[in-house]
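The basis for the numbers below is simple: all heavy atoms, side chains too, and nothing from hydrogens, waters or symmetry mates.
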Number of protein chains: 2
Amino acid sequence: MAVTIEDIAREAGVSIATVSRVINKTKPVSAELRDRVYEVIEKNHFKPNSLAQGLITKKTNTIGIIVPDISNAVFGKLTKGINSVFAQEGYTVVLCESQGELEKELKLLGILEEKQIEGLLFAGVDVNHTLVERMRKRNYPVVLVTQEASEDEEAVHTVIHNNVEAMYDAVKFLLDNGHERIAYLGGPKNDFSSGKKRVIGYKKALEEAGIEVKDSYIAQGDFSFEAGYQGMKKLYEENSKLPTAVVTGSDVIAVGAIQYLDNMRVKIPDDISIMGFDDSEFATYIKPELSTVRISYYDEGVKAAEMLRELMDGSTEAPMKEYVPHKIIRRSTTKNLN
Amino acid sequence: MAVTIEDIAREAGVSIATVSRVINKTKPVSAELRDRVYEVIEKNHFKPNSLAQGLITKKTNTIGIIVPDISNAVFGKLTKGINSVFAQEGYTVVLCESQGELEKELKLLGILEEKQIEGLLFAGVDVNHTLVERMRKRNYPVVLVTQEASEDEEAVHTVIHNNVEAMYDAVKFLLDNGHERIAYLGGPKNDFSSGKKRVIGYKKALEEAGIEVKDSYIAQGDFSFEAGYQGMKKLYEENSKLPTAVVTGSDVIAVGAIQYLDNMRVKIPDDISIMGFDDSEFATYIKPELSTVRISYYDEGVKAAEMLRELMDGSTEAPMKEYVPHKIIRRSTTKNLN
DNA sequence: TTGTAAGCGTTATCAG
DNA sequence: CTGATAACGCTTACAA
């Protein structure tokens with residue numbers, strides 16, 4: 001069926017070893033034979049079977065990546081970043097979606113091992129003990145991106161933005177702008193990196209400023225528009241004294257919150273300042289433009305990929321955890337009270 | 001290094017054939033041996049090497065997908081759709097980005113063939129003769145998504161939304177709403193499916209309504225915000241008589257146009273109606289909410305994947321071209337003049 | 001510089 | 001039901 005190295009060898013009147021040599025330029029071959037072989041290869045559109053190659057060389061030039069949802073802009077950018085470094089080095093990426101379900105993640109770990117991937121980039125939602133242990137058993141290096149392992153004692157290579165610091169900085173920014181009543185409208189509490197960690201940063205900033213943390217100023221849901229809307233509603237209804245600013249867990253949440261506030265005729269930023277998170281494409285599309293904390297997921301992908309490359313090369317000195325910088329972006333949904 | 005079927009066989013005291021049988025449940029094995037083998041497999045975390053399997057069975061359970069840019073929401077959704085059907089059937093997807101560069105696309109075609117993919121989903125930008133010919137030479141079926149082949153005479157399996165009809169309907173919608181001066185602000189003219197085809201639909205609708213097509217009412221650039229901004233500027237500056245409505249090639253273009261109009265104090269939709277294209281996530285985030293023509297890229301991915309599945313199963317009756325429906329979404333950037 | 005032959009880790013055929 | 005053994009398509013000593 002498909003043309004093999006043997007077909008080429010026969011037609012070119014050489015041994016398969018010679019053909020292999022010209023393909024891989026691994027050993028000198030006389031110009032004459034080389035040309036003849038190339039010609040036959042060209043003519044037959046021969047492509048070496050990489051399965052056979054990989055079987056013997058142990059090199060598949062393939063890495064895996066697991067994300068919850070590729071249609072989510074965050075993971076789209078992340079994947080692009082990863083791809084940019086691997087494609088360039090001749091690696092191919094097998095992309096898997098897990099919907100954030102542990103079951104699927106576990107299964108994918110196995111499938112990818114069967115495929116003999118040389119490394120894995122993993123963006124989970126809840127990187128718990130089970131997962132970490134299973135990753136340990138695989139015989140390829142893995143680096144976590146976007147999410148860190150829940151159990152701190154288990155060291156796994158990770159590239160991530162500092163969620164505590166990022167949220168801390170967001171709140172600090174508001175504080176510096178004269179705000180004191182700052183509410184938090186974030187992601188799920190069971191989301192270790194993007195949920196839990198960020199509340200920690202929120203609280204830390206408040207505490208350092210000597211401001212009491214009020215439970216009624218904290219609302220958590222998922223990262224959706226609807227959750228933003230409902231969360232803001234809750235904040236609005238349950239506080240006689242409204243916050244003057246709210247930090248959110250994502251730009252989408254922020255937009256949902258803004259929608260609710262609009263409905264209630266609350267002016268932004270005059271009555272309430274809103275801070276997004278991520279710096280999504282649409283942050284400058286909405287009016288007023290959204291102040292936010294920018295995370296470069298593309299860069300995060302690049303860094304994670306680079307770390308994985310090191311690990312794949314057997315490096316033992318790759319840092320366990322690397323942070324990708326974030327940046328407070330002041331636009332028009334936040335007001336300076338000073 | 002990695003544990004092989006032979007290790008398992010030895011430790012379980014059976015032949016490798018038996019191990020293979022219990023792994024694949026391909027032939028009956030006595031309960032006793034079966035259990036013993038499973039136990040050893042479990043204990044050693046054995047995973048069969050799919051390279052070796054594929055080499056002999058000719059089944060890799062792998063398909064390829066080539067998109068210009070995975071961080072682009074359109075391709076994110078498309079990929080998710082594709083993934084949803086293949087993941088379920090135990091297939092794995094290798095994802096490649098081409099940046100829309102012919103050079104890279106050609107190269108990827110080859111790499112994917114070496115990887116022994118069983119099929120390919122291709123989302124190009126300019127699917128020209130060279131490309132089609134090269135795809136023909138590969139020994140896996142391919143279906144085009146999102147873009148059709150430029151040269152009509154070359155039949156390639158394609159799943160796409162009807163760009164001519166979609167833009168025709170958008171203009172028709174505006175016409176029905178009493179608009180007569182309708183401008184077109186679209187994608188690049190060298191983009192066959194999303195550029196060229198859409199202008200055709202635009203012109204067709206106008207002509208059918210007996211309205212003259214004015215060149216000064218047509219602006220083309222890429223699909224970016226900036227292009228939308230600049231295109232609208234051009235339209236604005238080069239026409240003493242402004243259009244009452246403009247159809248665009250993407251929601252992003254629309255937003256760029258709106259920005260320019262805002263700057264010029266032109267009211268939307270009172271002075272000018274704007275029609276987006278795609279129905280992006282942010283279409284309802286901006287105010288007024290964007291009227292647009294909705295394309296479900298997720299569905300497009302699903303359909304394309306299904307067609308590819310058929311082809312991979314050797315079906316010969318798969319339709320050459322299948323259209324995914326579009327839908328006019330009226331929101332608030334378009335005004336009814338009647 | 002070239003060819004022969006021994007694997008790589010599986011599956012599949014054929015005896016038993 | 002079970003076990004040898006020949007492929008699968010390629011790389012890589014080892015010889016020549």
Query raised in the report: What is the distance from CD of B:Gln116 to P of D:dG9, rounded to the nearest Å?
Result: 9 Å
Report task. Would you mind reading off the distance between A:Asn49 atom CG and D:dC10 atom P, rounded to a whole angstrom? Result -> 6 Å
Query raised in the report: Can a side chain N or O of B:Lys58 be found less than 4.0 Å away from OP1 or OP2 on D:dG9?
Result: yes
**Report entry** Contacting residues from residues 8-18 of chain A, given that a heavy atom lies under 4.0 angstrom of DNA chain D
**Finding:** A:Ile16, A:Ala17
Query raised in the report: B:Leu51 has an atom CG; how far is it from atom C1' of D:dT11, in whole Å?
Result: 14 Å
Query raised in the report: Of all of residues 27-47 of chain B, which get a heavy atom below 4.0 angstrom from DNA chain D, listed by number?
Result: B:Pro28, B:Val29, B:Ser30, B:Leu33
Query - ring pair (Phe, Tyr, Trp, His ring centres under 6.0 Å) contacts in which one or both residues fall within residues 58-107 of chain B, not counting sequence neighbours - result: B:Phe86-B:Tyr91
Requested in this report: Figure out the CD1/P separation between A:Ile56 and D:dT12, and round it to whole Å.
Outcome: 6 Å
Query - Partner of A:Glu118 under salt bridge (charged side-chain N to carboxylate O under 4.0 Å, His left out), chosen from A:Lys59, A:Lys58, A:Arg138 - result: A:Lys59
Query raised in the report: In whole angstrom, what separates B:Lys25's NZ from D:dC1's P?
Result: 15 Å
Report task. State which residues pass side-chain contact (heavy atoms from CB on, under 4.5 Å) with A:Lys80; sequence neighbours excluded, sorted by chain then number. Result -> A:Tyr298, B:Asp69, B:Ile70, B:Ser71, B:Glu97, B:Gln99
Query raised in the report: Is the shortest side-chain N/O distance from A:Asn24 to OP1 or OP2 of D:dT11 below 4.0 Å?
Result: yes
Report summary line: Contacted region of DNA chain C by chain A, from 5' end to 3' end of the hits, cut-off under 4.0 Å to heavy atoms, spans C:dT1 to C:dG9
Requested in this report: For the pair A:Lys137 and A:Glu113, find out whether any cationic side-chain nitrogen is under 4.0 Å from an anionic carboxylate oxygen.
Outcome: no
Query - Pairs meeting criterion side chain to side chain donor-acceptor pair (under 3.5 Å) with involvement of residues 21-34 of chain B, two or more places apart - result: B:Ser20-B:Asn24, B:Lys25-B:Tyr38, B:Glu32-B:Arg36
